[in-house]
Amino acid sequence: MVTYIVRRLITAAFILLGASFVVYILTAISGDPLGELRALNTANRDQLIEARIDLLDLNTPAPIRYFKWLGGAAQCLVPFAGTCDLGRNVTGQPVTEALGLALVQTLSLVTAATVLAILIGVALGIVTALRQYSTLDYGVTFMAFLFFSLPIFWAAVLLKEYGAIGFNDFLRNPDIPWYTAAGIGIVAGLVLAVAAGGDLKRRLRLGAVGFGFITALLIVASVTRWFTTPGLGIVVILLAGVGLAFAITVLVSGLQNKKALYSGLTAVAIGIVMYFPIQGLLNVATPLMIFILAVVAVLVGVGVGWLWGGYDRGQGMRVGGITAFLVGGLIVLDRFMQAWPSYFNNGKIRGRPIATIGASTPNLEGDYWVTTLDSFTHLILPTIALILISLASYTRFTRSSMLEVMNMDYIRTARAKGATERSVVMRHAFRNALIPIATVVAFDIGALIGGAVITERVFSVQGMGTLFFDGLGHVDPNPVMGVFICTAVTALVFNLIADLAYSALDPRVRVK
Amino acid sequence: MTQPSQQNEILAERAAKLEEPLAGIEEIREAKGLSQGQIVRKRFFGHTGALVGLITFGLIFLLAFTSLGWAGIPGWWKYNHIDVAPLVNDGAPTLSLTSIGEHPFGQDRIGRDLFAMTMRGAQQSITVMFIIGLIAGLIGVVVGALSGYFRGWTEAVLMRITDIIIIVPALLLAAVVSQIANRRDSGSWFSGFATNYGIVVLGVFLGFVVWVGLARLVRGEFLSLREREFVDAARISGSSNARIIFKHILPNAIGVVIVNVTLTMSSAILLETSLSYLGVGVKSPDTSLGLLISQNQEAFSTRPWLFWWPGLFIVAICLCINFIGDGLRDAFDPRQKKFNAKKAADPGTRPASAPAAAIDFSKGA
């Protein structure tokens with residue numbers, strides 16, 4: 001195992017050397033680094049050219065410059081020495097500094113999108129595999145192909161037009177006429193009827209219920225001006241929490257495990273009791289505090305499950321922990337909604353909250369909730385765009401992986417010995433179907449940092465892609481190399497992790 | 001994204017195990033007495049999605065190439081993508097249910113015909129798609145076959161080259177190509193050629209980059225196929241290495257090749273349009289679907305048609321290719337048998353008693 005890892009790392013180092021040389025030379029020959037300066041007509045043109053030649057060391061041939069750069073980059077391998085030198089870009093800023101700033105922007109852009117895409121994609125894949133050749137399956141398959149074929153820059157412009165400008169116009173006067181509410185309700189009811197299993201009668205009933213519920217919800221929201229002053233309130237949190245407790249119990253342990261259900265419900269009750277006392281604490285929230293509260297919530301939930309005990313304590317603890325986390329999330333969401341009016345009426349926002357470009361509103365002042373809301377409203381469109389295009393591959397991959405597992409002998413054995421369908425799907429099939437997905441996820445995380453170049457361009461986010469493009473535009477290899485090293489190292493490391501994870505998860509595969 | 005080699009091996013292993021029928025899966029009985037090509041063709045044309053995709057793609061292909069003409073042959077459409085015509089109806093599309101009118105897709109701000117521009121863009125995308133598919137397919141098959149068949153040093157060297165190319169960003173290569181092609185002042189034969197056939201140059205260079213995924217898959221396929229008995233038999237009967245590779249192993253791996261070349265082609269369209277959008281692909285005065293969107297995205301509120309038509313053509317072409325690829329995958333995959341979850345779950349029905357008519361390959365996987 002250790003020899004395998006060491007061998008892989010040494011190979012990776014050589015690959016990195018070769019590829020970085022290729023990238024450096026390609027960037028250097030891609031154009032005339034002084035072209036933009038030569039076109040200038042100002043008096044100090046020659047000085048500027050001299051300064052640029054000096055800054056980029058252009059009198060040295062590119063291959064030799066590469067080795068100079070390599071010497072500086074090699075110092076990055078010395079831990080904690082602080083001598084990391086990846087050169088400077090054309091404005092004289094050290095590349096390491098620029099990279100740090102860009103990395104934060106890119107990561108905040110792609111993290112939420114990736115996590116959501118994986119969760120939704122895997123869930124959709126499982127459902128479509130279980131309902132193979134149903135209307136739902138065909139619908140999702142078609143949507144997956146459609147999203148797969150969408151050019152992101154095109155989808156992004158549509159999102160900007162309808163998601164941001166249209167929604168902002170709507171927020172100015174959030175009035176939903178009854179026919180619009182009924183229309184949305186019909187669509188929701190249809191989706192529910194298609195997604196639900198069972199015979200036609202059951203589907204129609206569910207569809208009708210969905211239609212009534214959504215239409216009523218929209219009309220009530222419109223009448224009570226919910227979109228101007230949103231909020232969940234303790235009653236909605238209670239209802240949603242109880243629903244979540246039941247749903248999680250069904251998935252994790254099955255409703256016949258009463259102790260698990262009770263621990264979930266107890267977690268909801270604790271959350272409701274804590275709702276008012278915690279508001280004062282939330283008013284002075286910081287990111288760290290939210291994180292600690294989340295950990296505390298999970299611990300409390302797990303503790304509740306442990307106290308309920310029962311024949312399978314682990315299941316109860318799991319249900320309690322997950323439910324507590326989600327109820328805590330609901331309370332935080334409620335607090336965000338409470339901050340909405342003050343954000344919405346902020347002088348910098350002027351009632352148009354959903355932003356089309358950038359990563360935050362400049363000079364916005366406000367507490368934790370307002371500033372976080374601000375970054376949410378900036379992230380929402382790029383996140384949706386990224387989810388749309390990456391959802392498809394996860395759905396398709398999970399579906400085929402799940403179908404393959406469902407064909408296995410041991411699934412038939414599990415059914416033959418009388419395991420419940422929930423147990424067969426969640427315990428026997430799902431876990432094994434996750435093995436190949438784990439490797440794909442590892443790959444995608446490795447490709448994340450460099451993978452959002454176009455999204456960054458469309459939404460004017462100053463991330464890695466922008467850095468890369470600026471470097472390329474100025475024929476300046478240093479920032480290009482900085483971005484390349486970051487992306488290549490993550491890609492190689494996650495490739496290795498993917499292989500190791502595969503062999504750890506699947507005992508039939510041994511690394512050698 | 002590329003797959004690790006171990007995964008290929010384990011999948012190949014599983015494929016071997018799956019050859020015996022399982023619960024809820026019916027064997028192919030309709031396949032008796034047919035050659036592989038006949039089976040594949042039959043299954044492919046039974047796949048509704050693939051068939052619709054193929055027909056739609058054929059129509060788009062004909063429309064794009066006959067309307068403007070290609071390679072000097074004139075087309076039937078009266079405008080081309082460069083000439084300026086007086087604005088009709090302020091440039092709004094004249095397409096209606098009864099007639100196509102003067103400018104069916106509308107005109108841009110200075111009066112160029114959008115139908116002609118979109119058709120030109122579709123030509124470019126389809127051309128670049130075929131070039132990339134051809135070059136990437138050839139290189140990928142040769143590299144994958146050599147490294148999978150000979151193993152040892154050949155494999156080590158070829159696979160390390162593959163690894164290097166995988167992590168060099170395609171964007172950088174495209175930028176370099178477009179920069180070199182744009183240096184018209186240098187007057188070299190290359191820049192002269194690139195001025196006239198920019199899309200061909202772009203396609204060739206992208207083809208030299210995107211073969212890596214295919215090479216890995218072909219290698220995985222060769223690794224498992226070279227251990228089979230028929231390869232031993234061929235070797236004992238005195239076949240040369242080239243004959244074993246091309247006559248014995250490659251026909252068995254052709255499914256993987258064709259399917260993945262198709263999928264590479266669909267991603268090639270998105271790659272070309274993205275690069276043109278970013279300004280490093282096709283350059284004005286020539287046009288491409290990505291470039292049209294990039295030029296017109298600011299005008300969305302005033303002239304939305306300039307934005308809709310090119311985008312719809314990208315999605316349509318890409319969707320067709322994806323459906324064709326999906327149909328091909330189902331047609332080539334011997335494991336693709338109809339799995340019936342209900343039948344497998346229901347202990348009352350024995351799979352063997354199911355009528356053969358229940359076999360249905362028309363449904364996608």
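Just so it is clear: chains get the letters A, B, ... in the order the sequence lines come, proteins before strands, and each one is counted from 1.
When each of Val22(A), Ile411(A), Val458(A), Leu16(A) is checked for heavy-atom pairs under 4.5 Å with chain B, Val458(A) comes out on top. Listed options Ile152(A), Val23(A), Ile15(A) were ranked by heavy-atom pairs under 4.5 angstrom with chain B; first place goes to Ile15(A). When Trp154(A), Phe142(A), Phe468(A) are compared by the number of non-hydrogen pairs under 4.5 Å with chain B, Trp154(A) comes out ahead.
The stretch residues 157-164 of chain B places Arg160(B), Asp163(B), Ile164(B) near chain A, each with some heavy atom under 4.5 Å from a heavy atom of that chain.
Considering only residues two or more places apart in sequence or on other chains, Thr420(A) meets the side-chain contact (heavy atoms from CB on, under 4.5 Å) condition with Arg422(A), Ser423(A). Residues satisfying the side-chain contact (heavy atoms from CB on, under 4.5 Å) criterion with Val157(A), sequence neighbours excluded, are Gln297(B), Phe300(B), Phe307(B).
Phe323(B) and Phe145(A) have tilted rings, their planes meeting at an angle from 30° to 60° on a 0 to 90° scale.
A distance of 9.0 Å separates CG in Leu150(A) from CG in Leu319(B), rounded to the nearest 0.5 Å. For the atom pair CZ (Phe148(A)) and CG (Leu270(B)), the distance works out to 8.5 Å, reported to the nearest 0.5 Å. Summarising the geometry, atom CG belonging to Leu278(B) is positioned 10.5 Å from atom CG belonging to Leu472(A); distances are rounded to the nearest 0.5 Å. Taking CZ of Arg396(A) as the start and CG of Asn322(B) as the end, the distance is 10.0 Å to the nearest 0.5 Å.
For Phe14(A), the CZ atom counts as loosely surrounded, since its 6.0 Å shell holds 12 or fewer non-hydrogen atoms of other residues, nucleotides or ligands.
Pairs of residues two or more places apart, or lying in two chains, that qualify as side chain to side chain donor-acceptor pair (under 3.5 Å) and include a residue from residues 9-24 of chain A are Ser20(A)-Tyr66(A).
With a 4.5 angstrom heavy-atom cutoff, Leu263(B) does not touch chain A via any of its atoms.
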